[in-house]
Amino acid sequence: MQDTLLLGFESIKKTILHGGTGEIPKFITGAKVTFHFRTQLCDDERTVIDDSKVVGTPMEIVIGNMFKLDVWETLLSSMRIGEVSEFWCDTIHTGVYPLVAKSMRRIAEGKDPVDWHIRTCGMANMFAYNSLGYDDLDELMKNPKPLYFVLELVNVHQPSEYNRESWALNDEERLKAVPVLHGQGNKLYKEGRFEEATLKYKEAIICIKNIQTKEKAWEVPWLKLEKMANTLTLNYCQCLLRMEEYYEVIEHTSDIINQHPGVAKAFYLRGKAHMEVWNEAEARQDFSRVLDINPGMKKAVKRDLAVLNMRMEEKNQEDKNKYKGMF
């Protein structure tokens, strides 16, 4: 039997498709909610946009953690365990769905849920249109529409019933976690455990970026977080150099240089990466910029330039020997 209910909002309508069991759980701040969702357009075909069951992994959110699509907290708080309900939500509640869907899709594809190396405030992205990388989400971003959400409540864990990972922390807890993760990454780097260190640095960067999206770009609080994120990103790049991921180093350091052209370490690490992939001119240019910004790094740059000169001489000799018999 289907019941159509209003949840105190004219802009939300609920239809119970399958009744749940027991009482409605307590959705207190810090409670972790596990659920499946299906998002559909309000067209004749009820076109499916996203479906967590197709991906094979349920969604998890923590109540009170400023999840971008906060209407889902409202919808879920009306449900019992095992219940399946369909919710019609007007555009006032669905405008940010494309941003949330992008993160969820990136997770499903094995990518980072946030583009932490892009130096743009998350709220700014909502108003300055950029492609989200998915045509259907781009269309929804440009032309917001009412949506249907079909939700199935799987479980609700109270704060004391689970170990909270960094994504489940509030902003104050995330900020406290950053120096701890930073220190753990440094220790792993010194031990030569570079891949494990990258995970710690990346987790710390994501904590910072999640906080930073709530600050106004280029103002003092945002810039303080930006400086922290840049330091961690450069540590991350040092690991990547040791892991021979040179092109990724060039990408991340270039992102920093484009926004903050006075960071000597970014030029230095990019120069070392260029050197490893035989980009001689680019490496020399970056090392020159390092000396312009920080002459105190002259000894390190001189050492790397000596290595570059030796490698290029060896390569030129190899090329001469290779082509000597061809002419």
Side-chain angles (χ1 to χ4, degrees), residues 1-110 113 136-137 140 145-170:
M1 180 177 178
Q2 295 187 343
D3 297 312
T4 301
L5 308 169
L6 295 177
L7 299 175
F9 302 90
E10 292 185 1
S11 52
I12 300 175
K13 295 180 181 179
K14 173 180 178 179
T15 304
I16 297 175
L17 305 179
H18 176 76
T21 58
E23 299 295 322
I24 293 177
K26 294 179 180 179
F27 291 86
I28 66 172
T29 299
K32 182 169 72 172
V33 184
T34 305
F35 61 100
H36 277 290
F37 73 93
R38 183 170 69 249
T39 307
Q40 297 172 280
L41 296 176
C42 299
D43 54 14
D44 292 338
E45 295 78 23
R46 291 287 188 93
T47 303
V48 176
I49 303 173
D50 295 292
D51 189 336
S52 64
K53 288 195 173 181
V54 172
V55 174
T57 305
M59 181 73 180
E60 290 184 343
I61 63 172
V62 174
I63 300 298
N65 263 27
M66 295 183 72
F67 180 62
K68 285 191 178 76
L69 196 64
D70 55 3
V71 70
W72 275 6
E73 291 190 13
T74 302
L75 307 183
L76 290 162
S77 64
S78 73
M79 300 177 68
R80 293 174 168 80
I81 301 297
E83 179 182 324
V84 181
S85 287
E86 176 186 85
F87 298 87
W88 173 88
C89 294
D90 207 347
T91 51
I92 191 174
H93 301 296
T94 63
V96 297
Y97 180 78
L99 295 173
V100 175
K102 175 190 175 181
S103 294
M104 294 188 294
R105 291 183 187 185
R106 287 177 65 85
I107 291 170
E109 294 165 5
D136 56 343
L137 299 183
L140 271 179
K145 301 174 182 177
L147 295 172
Y148 282 109
F149 298 118
V150 179
L151 305 182
E152 177 185 345
L153 182 57
V154 177
N155 215 328
V156 178
H157 287 100
Q158 301 307 316
S160 61
E161 297 175 344
Y162 69 97
N163 293 322
R164 300 174 73 187
E165 299 174 27
S166 61
W167 67 267
L169 303 177
N170 60 38

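Nothing fancy with the numbering, it's 1 onward along the sequence. None of these values were measured; they are calculated from a predicted model.
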Task: Qualifying side chain to side chain donor-acceptor pair (under 3.5 Å) pairs with a residue from residues 49-59, counting only residues at least two apart or across chains - done: His36-Ser52, Asp50-Tyr97, Asp50-Arg105, Lys53-Glu152
Task: Lys145: partners by salt bridge (charged side-chain N to carboxylate O under 4.0 Å, His left out), with sequence neighbours left out - done: none
Open item on the list: Angle between ring planes, Trp72 versus Phe149, binned at 30° and 60°: parallel, tilted or perpendicular?
Closed with: perpendicular
Task: Crowding at CD1, Ile28 (>12 non-hydrogen neighbours, <6.0 Å) - done: yes
Open item on the list: Counting C-beta onward and ignoring hydrogens, is there a side-chain heavy-atom pair between Ile49 and Leu140 closer than 4.5 Å?
Closed with: yes
Task: Minimum heavy-atom distance between Ser77 and Ile24, given as atom pair plus value - done: O-CG2, 3.5 Å
TODO: Side-chain contact test, heavy atoms from C-beta onward, threshold under 4.5 Å: evaluate it for Cys89 versus Leu147 and give yes or no.
DONE: no
Open item on the list: Looking at every non-hydrogen atom in both residues, tell me the closest pair between Val156 and Ala31 and how far apart they are.
Closed with: CG1-CB, 4.2 Å
- [ ] Compare every heavy atom of Pro146 with every heavy atom of Asp90, then report the nearest pair and how far apart it is.
- [x] OD1-CG, 3.7 Å
TODO: Ignoring hydrogens and angles, tell me if any N or O in the side chain of Glu83 forms a donor-acceptor pair with the backbone of Leu153 under 3.5 Å.
DONE: no
Task: Any side-chain heavy-atom pair of Phe87 and His93 under 4.5 Å - done: no
Open item on the list: When you compare the side chain of Lys14 with that of Ile12, does any pair of heavy atoms fall below 4.5 Å?
Closed with: no
Open item on the list: Between Glu73 and Asp70 (side chain of the first, backbone of the second, donor and acceptor by atom type, cut-off under 3.5 Å), is there such a pair?
Closed with: no
TODO: Measure the shortest side-chain to side-chain distance between Leu151 and Ser85 over non-hydrogen atoms and say whether it is less than 4.5 angstrom.
DONE: no
Task: Non-hydrogen side-chain atoms of Ile61 and Phe35 separated by less than 4.5 Å - done: yes
Task: More than 12 heavy atoms of other groups within 6.0 Å of Glu45 CD - done: yes
Open item on the list: Rounded to the nearest 0.5 Å, what separates atom CD1 in Ile63 from atom CD in Gln158?
Closed with: 9.5 Å
- [ ] Calculate, to the nearest 0.5 Å, the distance between atoms CD and CG belonging to Glu161 and Asn155 respectively.
- [x] 8.5 Å
Task: Flag, side chain of Gln40 to backbone of Tyr148, donor-acceptor distance under 3.5 Å - done: no
Task: Nearest-0.5 Å distance, CG of residue Leu69 to OG of residue Ser103 - done: 11.5 Å
